[in-house]
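First comes the structure, then the notes that go with it.
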Protein chains: 2
Amino acid sequence: MAAPVNDKSHLDLERYLPYLIHRVGTAIAEAFTADALAAQRLSIAMWRVLVVLDSNGAQRQIDLARLTSIDVSTLSRLISRLVRLGLVARIRSKTSNREVMVGIKAKGRALLDRLIPRARSYEVLVGAGVPAADLARVKTALRRMYANMAAHDAKQAGRKRAMKARAAARSPARHR
Amino acid sequence: MAAPVNDKSHLDLERYLPYLIHRVGTAIAEAFTADALAAQRLSIAMWRVLVVLDSNGAQRQIDLARLTSIDVSTLSRLISRLVRLGLVARIRSKTSNREVMVGIKAKGRALLDRLIPRARSYEVLVGAGVPAADLARVKTALRRMYANMAAHDAKQAGRKRAMKARAAARSPARHR
DNA sequence: TCATGATAAATGCATATGCAATTGTTGTAA
DNA sequence: TTACAACAATTGCATATGCATTTATCATGA
């Protein structure tokens, strides 16, 4: 019933990279949420935001969205909740009034002080039984893969822009 | 501003495995959805269900949920939609009346015939620039990591069961 | 300078999601 | 056999999500 290795018409999921990655990612997120975050009434998305802010410093929401892989509109509402909880703060940007910087507050840092040790031990749990040398190679490979996707994304965005420009050129120039 | 490597109070996300995995997984899913699935009016969840059914054969919904990392209730509704679309079918199980087998139909297979080649080329895109030997190690490591999480999950489930049993023993045995 | 497009953030709205029941079925121990 | 727990699937419901749009600001070139 399992797909033969050389059958081109099926995918052998146990060897299909996107499947393997997604499966592990979901398993890690669910387990960490249940074991560490639930007790703090934090969702995995909240945790990701806090960690990125702590690790990379205050950010504009649009950059935070990219860094956390969360949609900007979802993130906007999520930040509002974190503000209400007193974990982060919206600070007006010094360079522009249309952008807002989001930074972590003391209460948010205190939460991280409790959670980061658990996150570290989780990383150990995840990688148990994998030789250290391989683990390093895995991390390097994952960074490269992300860069590949980002480059691909940029290319597609360029294509979309060009298509839009062509459409604008075809239709009569219109003011409003 | 970036966290120093030896600072124990911060996470260095560029070296933190769960972050690297989640980031790539999301990027792959979004790109594949935009490039290949959107034109077929398929969501990434639908694609995952179809591929698993094609790759592993007809499944009970509960097994399908595990294989696709989709919640059982979400999956139940998703299967209903796929049935309406004529891509899969619910077949009554031969061994039990409380379980339903879900299998792929010809129309679903036809869709996969078009999408699987694209999925293969996507895997190439993702892994571009990563040596083949490393790629193999990555896959092996990802399988091991998933096994680690599954084992951890089973352990936690056992703990929960024991806790429930103790609670039941404390409270008076009650019939209804 | 000022009209126009580009950008960041916030919202409206339809849909997706996940937890907690609920329903119906099966295994099993008294 | 027959209660009762365990199980598979479904459904109710509150919330989360993401796309499209709106609002406000900024950059730019004619």
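Heavy atoms only: backbone and side chains are in, while hydrogens, waters and symmetry mates are out. All chains are named by letter (A, B, ...) in the order of the sequence lines, taking the proteins before the strands, and each is independently numbered beginning at 1.
Atom-to-atom, CG of Leu82(A) to C1' of dA9(C) comes out at 16 Å; the value is rounded to the nearest Å. Going from atom CG of Leu75(A) over to atom P of dC19(D) covers 14 Å, rounded to whole Å. At whole-Å resolution of the value, CD1 in Ile62(A) and C1' in dC26(D) are 14 Å apart. Following rounding to the nearest Å, Arg92(B) (CZ) and dA8(D) (C1') show an atom-to-atom distance of 13 Å. The interatomic distance linking Arg60(B) (CZ) with dA9(D) (C1') rounds to 11 Å, in whole Å. To the nearest angstrom, C1' of dA9(C) lies 16 Å from CZ of Arg66(A). Rounded to whole Å, the distance from CD on Glu99(B) to P on dC7(D) is 12 Å.
The backbone N or O of Arg60(B) lies less than 3.5 Å from no partner atom in the side chain of Glu99(B), so there is not a single donor-acceptor pair. One N or O on the side chain of Arg118(A) and one on the backbone of Asp35(A) form a donor-acceptor pair closer than 3.5 Å.
Comment: Lys139(B) engages Glu123(B) in a salt bridge, judged by a side-chain N to carboxylate O separation of less than 4.0 angstrom.
Looking at Tyr122(A) and His152(B), their side chains do bring a donor and an acceptor atom within 3.5 Å of each other. Ser80(B) and Arg90(B) are linked by a side-chain donor-acceptor pair at a separation below 3.5 angstrom, with hydrogens and angles left out of the test.
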Practice problem: List the protein contact pattern of nucleotides 16-26 of chain C with one symbol per nucleotide (5' to 3'): B for base contact, S for sugar-phosphate-only contact, - for none; contact means a heavy-atom distance under 4.0 Å. | Solution: SBBB----BBB

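Remark: Glu30(A) CD to Asp153(B) CG distance equals 7.5 Å, nearest 0.5 Å.
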